[in-house]
Amino acid sequence: MTAFAFSTVANIISEPGAAARLGEIVRERFPAAHRVLLVTDGGFLRTGLTELPRLDLQRHGFTVTLYADVVADPPEHVVMEAVRFAQQHDTDLVIGIGGGSSMDVAKLIAILATGDQQLGDIYGIDKVSGARLPLVQVPTTAGTGSEVTNIAIVTTGATTKMGVVASQLYADMAILDATLTLGLPPLVTAATGIDAMVHAIEAYTSKHKKNRVSDNLARQALELLSKNLVPACENGSRLEVRQAMLLGACLAGQAFSNAPVAAVHALAYPVGGIFHVPHGLSNSLVLPHVLRFNAPEAASLYAELAAIAVPRASGSDEARTEALISGMQQTARTTGIHTTLQQVGIAESDLDRLADDAMLQTRLLGNNPRTLTRADARAIYAAAL
Ligand SMILES: NC(=O)c1ccc[n+]([C@@H]2O[C@H](COP(=O)([O-])OP(=O)(O)OC[C@H]3O[C@@H](n4cnc5c(N)ncnc54)[C@H](O)[C@@H]3O)[C@@H](O)[C@H]2O)c1
Ligand SMILES: [Fe+2]
């Protein structure tokens, strides 16, 4: 059996309603903390759902400060402002409550507020030194799995992003409470949910670090997500459906944090970066075409996933793979999200630039089950047009 290592967040609470007793939960885990920074974005703040957690934190003796200026795909200046804000308030515990953008900023605050390192010092793998502030993550989208990953992603230019990958980015605690996701709009539910499904699929076929633990998590994740994604889009107020989506996204996050994602994400990044398409939607647009490209190397694994996501699939590995791909395409169509690059404003004349940028994602492409050249990338984009 191949040797492997697996890491994750030590403490995960999956409990509808848990956010309303956030103070109680956090007080028990961090008896000495005083000054909490709640990190979120304007969109989630407007839902009013930060109120109950904030009040419960105060009830349990915390001084609570809110930083609600995170924006989607957070740029560097937002991270740096948030870090200064935390330092000004002498924060000793950081809580991210929001989607991947808010949770990623919360991670970076917890690292950088100690003042030992600057943002520019920590891009890349294992560049973080020393300890961070205590960190609790509360996801409000069922997508990125950032609450259990060791990654934070920052927008560094008009069209570029960089990642920080380090074990210190694993939070102390993740709290999954679907009452926070009941109002997530259907199109956001769909795109973020497909992102989570892609995490499970790509972890399961990850070339070097795939292992028994990540495989089990990916399979469980795909089962929960494939059963519940369309119901969550059609009737978002069903708590058990939303809780299943949150858990599925969390399990998929644990899987890909250890068995990393590959060409779907590599080809999605330029679509998001250049054309400002949300992360989940960019993944969904290229997904079927990357899976078809990968099929010659990965059909037996895709067939195993088809048995979970499309139980009626039968026949050869290739036939089951095709059933998995058309099942994912059908899911996207049913939810009403865009399904072609043209629908998000991309033209034939953009494909060379997209292919050039995708080839820069060498870390992700190295995890892909099939070697992918620039010509392959361009052909995949052309098929997705
Ligand atoms: N750290 C990781 O492991 C990881 C992995 C993948 C992507 N990412 C990053 O995460 C970010 C994307 O995260 P995301 O897809 O969760 O979206 P997001 O955090 O950018 O949020 C998207 C939108 O949804 C709104 N929203 C969030 N929760 C809501 C709720 N419950 N009700 C109503 N509206 C709500 C927000 O206000 C925002 O407008 C990107 O920056 C991406 O690069 C991180
Ligand atoms: Fe993703």
Side-chain angles (χ1 to χ4, degrees), residues 8-9 19 39-50 68-76 78-79 96-108 135 137-156 160-166 169-171 174 176-203 221 232 236-237 242 245-246 249-250 252-258 260-262 264-269 271-273 276-284 286-287 361 364:
T8 193
V9 169
V39 182
T40 192
D41 72 327
F44 187 69
L45 184 69
R46 278 191 293 279
T47 66
L49 291 165
T50 51
D69 290 338
V70 175
V71 293
D73 304 301
E76 285 185 310
V78 167
V79 175
I97 180 165
S101 300
S102 298
M103 291 191 286
D104 282 5
V105 173
K107 288 177 183 179
L108 295 168
L135 175 64
Q137 298 281 29
V138 188
T140 68
T141 60
T144 67
S146 175
E147 68 277 11
V148 287
T149 70
N150 58 348
I151 307 166
I153 297 168
V154 182
T155 300
T156 49
T160 50
K161 283 186 169 191
M162 286 180 83
V164 178
V165 183
L169 268 60
Y170 282 119
L176 314 179
D177 173 3
T179 63
L180 304 176
T181 66
L182 293 174
L184 198 63
L187 294 181
V188 184
T189 302
T192 49
I194 291 176
D195 181 32
M197 293 176 85
V198 175
H199 296 158
I201 295 169
E202 292 212 285
S237 61
R242 292 290 199 177
M245 287 298 296
L246 265 183
C250 177
Q254 291 180 297
F256 92 86
S257 194
N258 290 277
V261 291
V264 180
H265 273 73
L267 269 68
Y269 274 130
V271 173
H276 303 287
V277 175
H279 176 76
L281 179 56
S282 340
N283 272 295
S284 183
V286 297
L287 171 69
Q361 301 289 335
L364 299 178

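Start at 1 and go down the list; that is how both ligands and their atoms are numbered. Hydrogens, waters and symmetry mates play no part in the numbers below; they use all other heavy atoms, side chains included. Quick caveat, the model's predicted, so the values are computed rather than measured.
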Between [X] and ligand 1, is there a nitrogen or oxygen pair with a distance under 3.5 Å?
X: Thr192; answer: no
X: His199; answer: no
X: Pro185; answer: no
X: Gly100; answer: yes
X: Tyr269; answer: no
X: Ile151; answer: yes
X: Asp195; answer: no

Worksheet item: So do the side chains of Thr156 and Glu76 get within less than 4.5 Å of each other, counting heavy atoms only?
Response: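 Side-chain contact under 4.5 Å: yes.
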Worksheet entry | Any Met103 side-chain heavy atom under 4.5 Å of Thr144 side chain | yes
What distance separates [X] [atom1] from [Y] [atom2], expressed to the nearest 0.5 Å?
X: Asp69; Y: Leu45; atom1: CG; atom2: CG; result: 9.0 Å
X: Leu287; Y: Leu267; atom1: CG; atom2: CG; result: 11.5 Å
X: Thr179; Y: Leu49; atom1: OG1; atom2: CG; result: 7.0 Å

To the nearest 0.1 Å, how far is [atom] from its closest protein heavy atom, and which atom is that?
atom: atom 6 (C) of ligand 1; result: His279 NE2, 3.6 Å
atom: atom 42 (C) of ligand 1; result: Lys161 NZ, 3.8 Å
atom: atom 35 (C) of ligand 1; result: Leu184 CD1, 3.5 Å
atom: atom 18 (P) of ligand 1; result: Ser101 OG, 3.5 Å
atom: atom 24 (O) of ligand 1; result: Val188 CG1, 4.1 Å
atom: atom 28 (N) of ligand 1; result: Thr140 OG1, 2.7 Å

Is the side chain of [X] donor-acceptor paired with the backbone N or O of [Y] at a distance under 3.5 Å, no angle test?
X: Lys107; Y: Ala171; result: no
X: Thr149; Y: Ser257; result: no
X: Ser284; Y: Gly280; result: no
X: Asp195; Y: Ala191; result: no
X: Thr155; Y: Asp73; result: yes

Item to complete: Evaluate the ring planes of His265 and Phe256, with Trp represented by its six-membered ring, and classify them as parallel (under 30°), tilted (30 to 60°) or perpendicular (over 60°).
Response: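 If you compare the ring of His265 with that of Phe256, the planes turn out parallel.
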Discussion item. Looking at atom 30 (C) of ligand 1, tell me if a protein heavy atom falls under 4.0 Å from it.
Written reply: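 Protein heavy atoms within 4.0 Å of atom 30 (C) of ligand 1 - there is at least one.
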Worksheet item: Got a protein heavy atom sitting under 4.0 Å from atom 21 (O) of ligand 1?
Response: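 Not a single protein heavy atom is under 4.0 Å away.
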Does [X] have a heavy atom less than 4.0 Å from any atom of ligand 1?
X: Arg46; answer: no
X: Pro74; answer: yes
X: Lys107; answer: yes

Give the numbers and elements of all ligand 1 atoms closer than 4.0 Å to a heavy atom of [X].
X: Thr149; value: 1 (N), 2 (C), 3 (O)
X: Gly99; value: 16 (O), 19 (O)
X: Gly43; value: 37 (O)
X: Asp41; value: 36 (C), 37 (O), 38 (C), 39 (O)
X: Thr141; value: 16 (O), 27 (C), 28 (N)
X: Asp73; value: 40 (C), 41 (O)
X: Asp104; value: 1 (N), 2 (C), 8 (N), 9 (C), 44 (C)
X: Ala72; value: 20 (O)

Worksheet item: Should one rank Thr144, Val70, Leu49 by closest heavy-atom distance to atom 7 (C) of ligand 1, which comes out on top?
Response: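 That would be Thr144.
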Worksheet item: To the nearest 10°, what's the angle at the Fe ion (ligand 2) between atoms NE2 (His199) and NE2 (His265)?
Response: 100°
Grab the two heavy atoms, one from [X] and one from [Y], that are nearest each other, plus how far apart they are.
X: Val148; Y: Tyr170; value: O-CE2, 3.2 Å
X: Leu176; Y: Glu147; value: CD2-OE2, 3.9 Å
X: Arg242; Y: Thr189; value: NH1-OG1, 3.1 Å
X: Val264; Y: Glu202; value: N-OE2, 2.9 Å
X: Leu108; Y: Val164; value: CD2-CG2, 3.9 Å
X: Val78; Y: Val70; value: CG1-CA, 4.0 Å

Response to the item:
Atom name of the N, O or S atom of Asp195 nearest to the Fe ion (ligand 2) is OD1
Worksheet item: Closest to the Fe ion (ligand 2), which N/O/S atom of His279 is it?
Response: NE2
